Amino acid sequence: LIAGGQGVVGASLVRALLDAGHEVLTLDPRDDLSLVHDIADQFERRQGSVLDVGQNAELLRDERIDTIAHGAVFDAQGADPFASLSVNAYGVLSMLEAARRAEVPRLVFMSSKAALGQFIGEYGSPTYAPLPPEHPRGPMVGLEVYSMAKRFAEESGELYADRFGLEFVALRFATIVGPGKQVRHGPTSVHSRMIENAIAGAGTDVAHGGEGFDDMVYVKDVAQAIVCACTCESPPRRAYNIGSGRLVSLTEFAEAVRRHVADVEITIGPGVDYIPVPSSSCLMDISAARAELGYEPAYDVDSAVIDYVATVRGLGLASEVNSAQSGWKG
Ligand SMILES: NC(=O)c1ccc[n+]([C@@H]2O[C@H](COP(=O)([O-])OP(=O)(O)OC[C@H]3O[C@@H](n4cnc5c(N)ncnc54)[C@H](O)[C@@H]3O)[C@@H](O)[C@H]2O)c1
């Protein structure tokens, strides 16, 4: 069962699981088929919320679900902290409880580097030392609603693993790039904005971030990592880093967009941070995911951009020009 299965990652995961021969059921309050309309008859869908513990326990039991991949997320920017934390924190606890009641053995949680806080010192700019998988959830400068939710969710999963023996695995994703992100994640999806503006023949002006680097992972690699975590034999850790294992600058990414999509003007302003969450870029050490889950990223910047465009065109997704900045003033 994929909670949040109609989202950017969920849709890619549906395809990857079907390709690997699994049966899939999605749980999502929306029945938005824009990212999966070509395979809609190959999996089951249930409209519902992760918050409904009783109903979901019944669903899990009735459908004899053996693994949950939890990627439901709402208002990631935390504009409405109550609604955001309800789904992004309490919603994970709710699915853990539904899993316990229905005796589902494993829940793979789509976490984020945001669970770790900010990357300062050796892990931040300009050194970007590879972030080890055992890096502790560190202090946050300011309280980011999304980070709070990811931390609470991971800690809840660890509690359920300790207390009830549930296999809980958190995958901490680097910055994900994938079709559908611009529509769903708005101006924070800087990479998607560059690609989709270029598909529409327009350039992009990114106010900040030309001096920074980040680990950027293509959504199909993310889906592969989740399949690995869902299907491998007893993962020995409760948290893994999932990234590309490489640093990419926005300038390098923009060059790939110009090479493979359209020769439009892309300007990138100064500074290190390209979204208004300071020090949120890092390089992930993915060696544990490689060795213990069998994860192996397949996409570099060029192949990710090429596949992104082919997917947008293949699905008939219209690209609209987005000139919004990432919440930055000026
Ligand atoms: N996109 C990224 O860059 C990124 C990076 C790190 C981690 N993640 C994590 O990966 C996961 C998937 O992200 P995404 O990019 O696919 O997000 P998305 O917004 O594209 O998809 C999330 C899905 O969750 C669904 N949802 C919302 N409320 C729900 C509820 N109450 N019950 C069930 N489903 C609900 C939405 O309808 C949507 O289809 C999230 O946990 C996110 O935090 C994403």
Side-chain angles (χ1 to χ4, degrees), residues 1-16 25-36 45-53 55-56 59 68-78 80 83-95 98 107-116 144-154 157 170-186 188-193 214-223 225-226 229 239-244 274-275 277 280-282 284 304 317 326:
L1 178 137
I2 309 173
Q6 257 77 286
V8 173
V9 176
S12 205
L13 179 59
V14 171
R15 281 176 204 281
L25 168 66
T26 58
L27 174 70
D28 202 300
R30 303 181 309 150
D31 197 26
D32 170 5
L33 297 180
S34 54
L35 296 173
V36 286
R45 297 186 300 282
R46 183 68 61 100
Q47 267 181 276
S49 170
V50 289
L51 292 166
D52 199 332
V53 179
Q55 197 164 300
N56 290 334
L59 177 70
I68 298 168
H70 187 113
V73 71
F74 182 76
D75 183 20
Q77 266 115 68
D80 176 348
S84 183
L85 288 169
S86 295
V87 174
N88 305 336
Y90 184 69
V92 182
L93 178 64
S94 302
M95 282 308 284
L107 187 146
V108 175
F109 172 55
M110 302 184 207
S111 190
S112 165
K113 60 181 175 172
L116 302 172
E144 282 292 330
V145 174
Y146 183 66
S147 296
M148 284 171 70
K150 290 299 186 200
R151 293 171 67 134
F152 176 85
E154 286 193 3
L171 301 180
R172 293 173 179 153
F173 302 135
T175 298
I176 302 174
V177 176
K181 226 187 134 172
Q182 159 138 296
V183 172
R184 290 167 178 76
H185 299 260
T188 56
S189 49
V190 173
H191 302 87
S192 286
R193 186 149 48 97
D214 199 7
D215 189 333
M216 175 224 92
V217 60
Y218 190 50
V219 70
K220 286 191 179 173
D221 282 333
V222 168
I226 303 167
Y240 290 89
N241 291 339
I242 303 297
S244 67
Y274 61 92
I275 59 167
V277 181
S280 58
S281 297
C282 68
M284 298 201 121
L317 298 173
S326 312

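This one's a predicted model, so the numbers in the text were calculated from it and none came from an experiment. Counting starts at 1 for both ligands and their atoms, in listed order.
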Write out the residue and atom name of the closest protein heavy atom to [atom], then the distance separating them to 0.1 Å.
| atom | result |
| --- | --- |
| atom 32 (N) of ligand 1 | Val50 N, 3.0 Å |
| atom 31 (N) of ligand 1 | Ser49 OG, 3.0 Å |
| atom 3 (O) of ligand 1 | Lys181 NZ, 2.8 Å |
| atom 15 (O) of ligand 1 | His185 NE2, 3.0 Å |
| atom 20 (O) of ligand 1 | Val8 N, 2.9 Å |
| atom 27 (C) of ligand 1 | Val73 O, 3.3 Å |
| atom 12 (C) of ligand 1 | Gly71 O, 3.4 Å |

Can you tell me if [X] has a non-hydrogen atom under 4.0 Å from ligand 1?
| X | result |
| --- | --- |
| Gly91 | no |
| Ala174 | yes |
| Asp28 | yes |

Contact between [X] and [Y] at the side-chain level, heavy atoms closer than 4.5 Å - yes or no?
| X | Y | value |
| --- | --- | --- |
| Leu51 | Val87 | yes |
| Ile2 | Ile226 | no |
| Val222 | Ser12 | no |
| Val50 | Val92 | no |
| Thr175 | Ile275 | no |
| Met95 | Leu1 | yes |

Straight-line distance of [X] [atom1] to [Y] [atom2], nearest 0.5 Å:
| X | Y | atom1 | atom2 | answer |
| --- | --- | --- | --- | --- |
| Leu27 | Arg46 | CG | CZ | 8.5 Å |
| Ser94 | Asp52 | OG | CG | 9.0 Å |
| Lys113 | Ser281 | NZ | OG | 5.0 Å |
| Leu35 | Gln6 | CG | CD | 9.0 Å |

May I ask you to check whether over 12 heavy atoms, not counting those of Gln55, lie within 6.0 Å of atom CD?
no

Between His191 and Tyr218, does the ring centroid distance fall short of 6.0 Å?
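Not close enough - the centres of the two rings lie 6.0 Å or further apart.
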
Check each of Gly5, Gly48, Pro29 against atom 26 (N) of ligand 1 and report the one with the nearest heavy atom.
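Going through Gly5, Gly48, Pro29 one by one, Pro29 has the nearest heavy atom to atom 26 (N) of ligand 1.
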
Suppose I only count heavy atoms of Ser112 and a 4.0 Å limit; which atoms of ligand 1 are within that range?
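It comes down to these atoms of ligand 1: 6 (C), 7 (C).
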
Considering only heavy atoms of Gly7, which atoms of ligand 1 have at least one such atom less than 4.0 Å away?
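Close to Gly7: 16 (O), 18 (P), 20 (O), 21 (O), 39 (O).
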
Any N/O of [X] closer than 3.5 Å to an N/O of ligand 1?
| X | answer |
| --- | --- |
| His70 | no |
| Tyr146 | yes |
| Ile176 | yes |
| Val9 | yes |
| Ala72 | no |
| Met110 | yes |
| Lys150 | yes |

Quick one: does ligand 1 sit under 4.0 Å from the side chain of [X], the backbone, both or neither, non-hydrogen atoms only?
| X | value |
| --- | --- |
| Ser111 | backbone |
| Arg30 | side chain |
| Ala3 | neither |

I need the single residue from Glu154, Lys150, Arg172 that forms a side chain to side chain donor-acceptor pair (under 3.5 Å) with Ser111. Which is it?
Glu154

Using side chain to side chain contact (heavy atoms under 4.5 Å, CB included) as the criterion, point out the one residue from Val73, Leu171, Val9 that pairs with Met110.
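Among the candidates, only Val9 passes.
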
